4 protein chains.
Amino acid sequence: MNERSSPTLIPDTARAGEAAILNAALEAFGDKGFYGASMRDVARGAKTSLSNLYNYFPSKSDLLAAVLRMANDELLNRIQQAVRGAGRRQADRLSAAVRAHVGFVVDHQVASLVALSEIRYLTGAARKRVVAARDSTQGIYEELVAAGATAGEFRTPYPDDAARNIVSMVSAISTWYRPGGRLSAEELGNQHARFALALLEATPG
Amino acid sequence: MNERSSPTLIPDTARAGEAAILNAALEAFGDKGFYGASMRDVARGAKTSLSNLYNYFPSKSDLLAAVLRMANDELLNRIQQAVRGAGRRQADRLSAAVRAHVGFVVDHQVASLVALSEIRYLTGAARKRVVAARDSTQGIYEELVAAGATAGEFRTPYPDDAARNIVSMVSAISTWYRPGGRLSAEELGNQHARFALALLEATPG
Amino acid sequence: MNERSSPTLIPDTARAGEAAILNAALEAFGDKGFYGASMRDVARGAKTSLSNLYNYFPSKSDLLAAVLRMANDELLNRIQQAVRGAGRRQADRLSAAVRAHVGFVVDHQVASLVALSEIRYLTGAARKRVVAARDSTQGIYEELVAAGATAGEFRTPYPDDAARNIVSMVSAISTWYRPGGRLSAEELGNQHARFALALLEATPG
Amino acid sequence: MNERSSPTLIPDTARAGEAAILNAALEAFGDKGFYGASMRDVARGAKTSLSNLYNYFPSKSDLLAAVLRMANDELLNRIQQAVRGAGRRQADRLSAAVRAHVGFVVDHQVASLVALSEIRYLTGAARKRVVAARDSTQGIYEELVAAGATAGEFRTPYPDDAARNIVSMVSAISTWYRPGGRLSAEELGNQHARFALALLEATPG
DNA sequence: TATGAATGAGTGTTCATTCAT
DNA sequence: GATGAATGAACACTCATTCAT
């Protein structure tokens with residue numbers, strides 16, 4: 001049973017060619033960045049013509065937005081599911097969230113990296129939507145931390161800032177992680193769960 | 001005495017127009033990213049002609065490299081000086097490093113952001129040099145953490161990873177900090193020093 | 001009886017979707033010119049798909065040709081009918097022609113404008129046919145003028161050139177006319193009939 | 001002495017490459033229309049590179065605007081000079097204006113054609129300026145006609161509309177004139193001067 | 001009849017860079 | 001040290017048109 005397979009980010013509702021384009025875009029943006037990657041790169045990766053891209057996405061920006069939205073949706077799903085499946089102590093729930101988050105970053109490293117670094121190239125409504133999605137993720141952490149603080153499990157005087165730093169730490173994994181490295185994905189998850197609890201100055205369980 | 005004035009990054013040894021160009025490049029890269037900013041943007045910001053840029057820097061990449069190198073030099077200097085001026089306990093030394101680091105990020109937010117996000121667009125020798133400089137900074141933290149671990153001050157089982165996460169947290173400040181926000185620069189420094197010690201599972205001082 | 005209603009240009013023989021396409025094409029070409037308007041614009045205006053246009057017209061040029069042919073047919077019909085219904089004096093016949101011509105331009109301003117300005121973008125057989133149709137209209141004027149000159153009603157030494165200038169004047173109405181302007185359509189017709197007779201140096205009736 | 005040589009439209013103040021570009025643009029726009037002509041066509045005609053065009057004109061629209069402005073300036077100059085050099089009777093002054101106008105159209109047929117048909121592709125401030133210039137020309141005619149009407153020389157009941165039609169007739173010459181045709185430029189001028197006076201129902205001189 | 005997917009050529013424009021002065 | 005002119009390559013995007021269904 002493979003608990004952390006790497007399910008594609010692309011939802012089943014997508015049209016035929018759409019998935020190929022989205023995956024190619026993800027790869028291209030991850031490789032060269034949003035500006036550095038050209039629509040021709042994407043088309044080449046998706047094995048279609050440049051102009052055909054525009055039958056699916058009206059602009060390069062929309063393509064980026066779609067990629068980021070999908071990544072954020074999947075991340076949010078994973079974290080929420082993990083939290084729902086965890087015990088009642090907030091420390092456990094937060095640990096589960098961090099492990100799920102790390103799992104996502106490892107499974108979808110490129111998407112995580114793109115989400116971290118290319119969001120700045122969005123503008124207007126697309127940006128707002130993606131920023132909101134990102135804030136949802138952060139919001140989950142803030143709620144968990146707040147609940148834990150109320151329950152006396154976490155003693156940090158800066159709960160919100162600590163929550164943000166947890167996200168920073170986990171997100172940063174996407175910038176240096178290499179599969180087959182010193183730590184397995186699971187170890188990485190446990191490690192960062194411990195970091196998170198330490199940051200929150202959790203009372204020993 | 002103004003301990004945290006915002007000294008320019010540009011060294012006095014620079015030629016006449018060089019400083020203006022470097023500052024303009026910093027601003028442009030910060031605004032739009034390396035690819036998004038054009039040499040014309042830089043020229044406009046430096047109030048000189050496009051072609052004159054090439055009398056100072058042989059290429060756009062070299063311009064980015066110069067900016068990053070300066071930023072890293074200044075950061076390294078600040079941290080080293082802070083550590084030298086701190087007490088003998090490793091916790092104190094590390095706190096001093098973090099506070100200096102936060103001070104740099106706040107003083108040179110744009111440069112910090114550029115260093116964080118545009119390094120990927122360097123290649124070849126220039127990249128190597130900048131990466132090495134960045135690793136020097138990280139190395140300081142690793143040494144401090146290792147010394148503290150040896151001394152029994154820090155109990156984290158993951159000293160190197162914790163050191164990296166300290167850098168991640170402090171660097172991330174550049175992505176959200178706004179002057180005049182909830183916390184002053186000094187408070188931000190103290191806060192992150194506490195986060196760092198918590199992360200390291202420091203024994204109470 | 002409404003003598004100057006705005007009967008559509010599209011003949012009843014047209015297939016189902018054809019009328020919508022032709023009208024959309026007319027509007028699009030009028031708005032942005034032949035090159036400026038795209039087949040997508042036409043499809044949008046006709047509320048059908050881009051590719052469906054090609055079930056009706058084999059090319060954009062053919063679409064333009066069809067529009068222009070229809071406009072010229074209607075114009076020719078109107079003028080011929082008006083002349084047939086007029087008295088025996090050439091001045092009266094010419095006045096009737098001009099008034100009918102002005103009526104057409106006012107009723108179908110966009111079509112008139114397109115016919116005036118987009119004919120240049122036709123090539124080959126399509127162009128020949130449309131130019132011939134336009135020349136037919138001009139031919140009517142030339143005959144009327146020649147007959148009037150022979151009859152001693154018009155004294156201009158340049159009958160053909162005068163005829164062409166009558167057409168120029170009336171056609172130009174399409175470039176500036178706005179419904180609800182200073183002059184009614186009927187006044188405009190009478191006015192230009194007078195201009196035409198003046199141009200021909202007609203002997204006082 | 002060459003009274004109607006074809007002095008270039010390009011003023012002496014222009015930079016070196018500018019004249020070549022403007023002339024090439026004039027030719028290209030005349031040949032294929034504004035939309036039909038590409039910047040590559042212009043570059044080819046000006047014997048320079050595509051990108052170099054943008055060192056002189058920031059956009060294709062600006063290039064068109066520059067062409068049209070120059071044409072209108074020259075036309076206005078010619079008419080004004082002609083009127084100044086004419087006698088005191090308004091009929092004479094108007095004849096002079098028409099002859100000068102015809103001379104311009106013949107000398108700069110392409111420019112006249114472009115001014116007549118491509119003005120619609122301008123927008124914003126550029127359009128306003130060119131429209132204003134065109135209206136200046138029309139204004140001269142209106143003043144002459146009004147003065148003649150006051151003096152009892154012209155009896156038309158529609159002085160302004162007649163003035164507009166004079167412009168229409170003369171402008172239309174650009175759409176059909178071919179050098180070496182039936183009429184010389186001078187004859188064409190005299191002919192249209194006669195047409196104009198006839199249109200105005202001028203009292204016999 | 002009607003559609004969405006697909007394509008290759010072409011669009012205006014911007015790019016980093018070079019060069020003559 | 002500084003400039004404006006010049007360039008070739010690349011860019012995102014649109015075009016008219018075709019084709020399978």
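Here the structure is a predicted model, which means the values were calculated and not measured. Here is how names work: the chains are called A, B, and so on, in the same order as the sequence lines, proteins then strands, and each is numbered from 1.
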If every non-hydrogen atom of [X] is compared with every non-hydrogen atom of [Y], which pair is closest and at what distance?
{"X": "D:Arg134", "Y": "D:Ile119", "result": "NH1-CD1, 4.0 Å"}
{"X": "D:Asp41", "Y": "D:Gly36", "result": "OD2-O, 4.1 Å"}
{"X": "B:Val114", "Y": "B:Phe29", "result": "CG2-C, 3.9 Å"}
{"X": "A:Leu122", "Y": "A:Arg127", "result": "O-NH1, 3.1 Å"}
{"X": "C:Tyr54", "Y": "C:Ser59", "result": "CE2-CA, 4.3 Å"}
{"X": "D:Val42", "Y": "D:Ala28", "result": "CG2-CB, 4.1 Å"}

Roughly, in whole Å, what's the span from CG in D:Leu50 to P in E:dG10?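 Taking atom P of E:dG10 as the reference, CG of D:Leu50 is at 14 Å.
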
Mind calculating the distance between CZ (D:Arg44) and C1' (E:dG10) to the nearest angstrom?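 These atoms are roughly 12 Å apart.
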
Between B:Thr48 and A:Met39, just flag the one whose closest nucleotide in DNA chain F comes earlier from the 5' side.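 Of the two residues, B:Thr48 wins.
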
Let me know, please, whether D:Ser49 or C:Gly36 comes out on the 5' side of the other along DNA chain F by nearest nucleotide. D:Ser49

Ion pair present between A:Glu118 and B:Arg120, side-chain N to carboxylate O less than 4.0 angstrom?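 A salt bridge links A:Glu118 with B:Arg120.
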
5'-to-3' dot-bracket of DNA chain F (Watson-Crick, G-U; under 3.5 angstrom; crossing pairs as [ ]; | other strand): .||||||||||||||||||||

Side-chain touch D:Asn55/D:Asn52, heavy atoms, less than 4.5 angstrom: yes

Is there a side-chain contact between A:Tyr35 and B:Lys32 in this structure, where contact means two heavy atoms from C-beta onward sitting under 4.5 Å apart? no

With nearest nucleotides of DNA chain E determined for D:Tyr54 and C:Asn52 from heavy-atom distances, which residue corresponds to the more 5′ nucleotide?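 Mapping each residue to its closest nucleotide by heavy atoms, the 5'-most match is C:Asn52.
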
Which residue, A:Leu53 or D:Ala37, contacts DNA chain E at a nucleotide closer to its 5' end, judged by nearest heavy atom?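 Its nearest nucleotide lies further toward 5', so the answer is A:Leu53.
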
Do D:Arg40 and E:dG10 have a side chain to base donor-acceptor pair shorter than 3.5 Å? no

Please answer whether the main-chain N or O of D:Phe34 pairs with a side-chain N or O of D:Lys60 as donor and acceptor at a distance below 3.5 Å.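 A pair under 3.5 Å: yes.
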
Donor-acceptor check, side chain of A:Gln109 to backbone of A:Ser174, threshold 3.5 angstrom: yes or no?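 Side chain of A:Gln109 to backbone of A:Ser174, a donor-acceptor pair under 3.5 Å: yes, one is there.
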
At a 4.0 Å cut-off to heavy atoms of chain B, the contacted part of DNA chain F spans F:dG1 to F:dG4

Nucleic acid contacts - residues 55-68 of chain A versus DNA chain F, non-hydrogen atoms under 4.0 Å: A:Ser59, A:Lys60

Of the listed nucleotides (E:dT3, E:dT13, E:dT7), which one gets closest to any side-chain atom of C:Ser51?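 Minimum distance to the C:Ser51 side chain belongs to E:dT3.
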
Which part of the nucleic acid, if any, lies within contact of C:Ala43, taking any heavy atom under 4.0 Å across all strands shown: a base, the sugar-phosphate backbone alone, or nothing? nothing

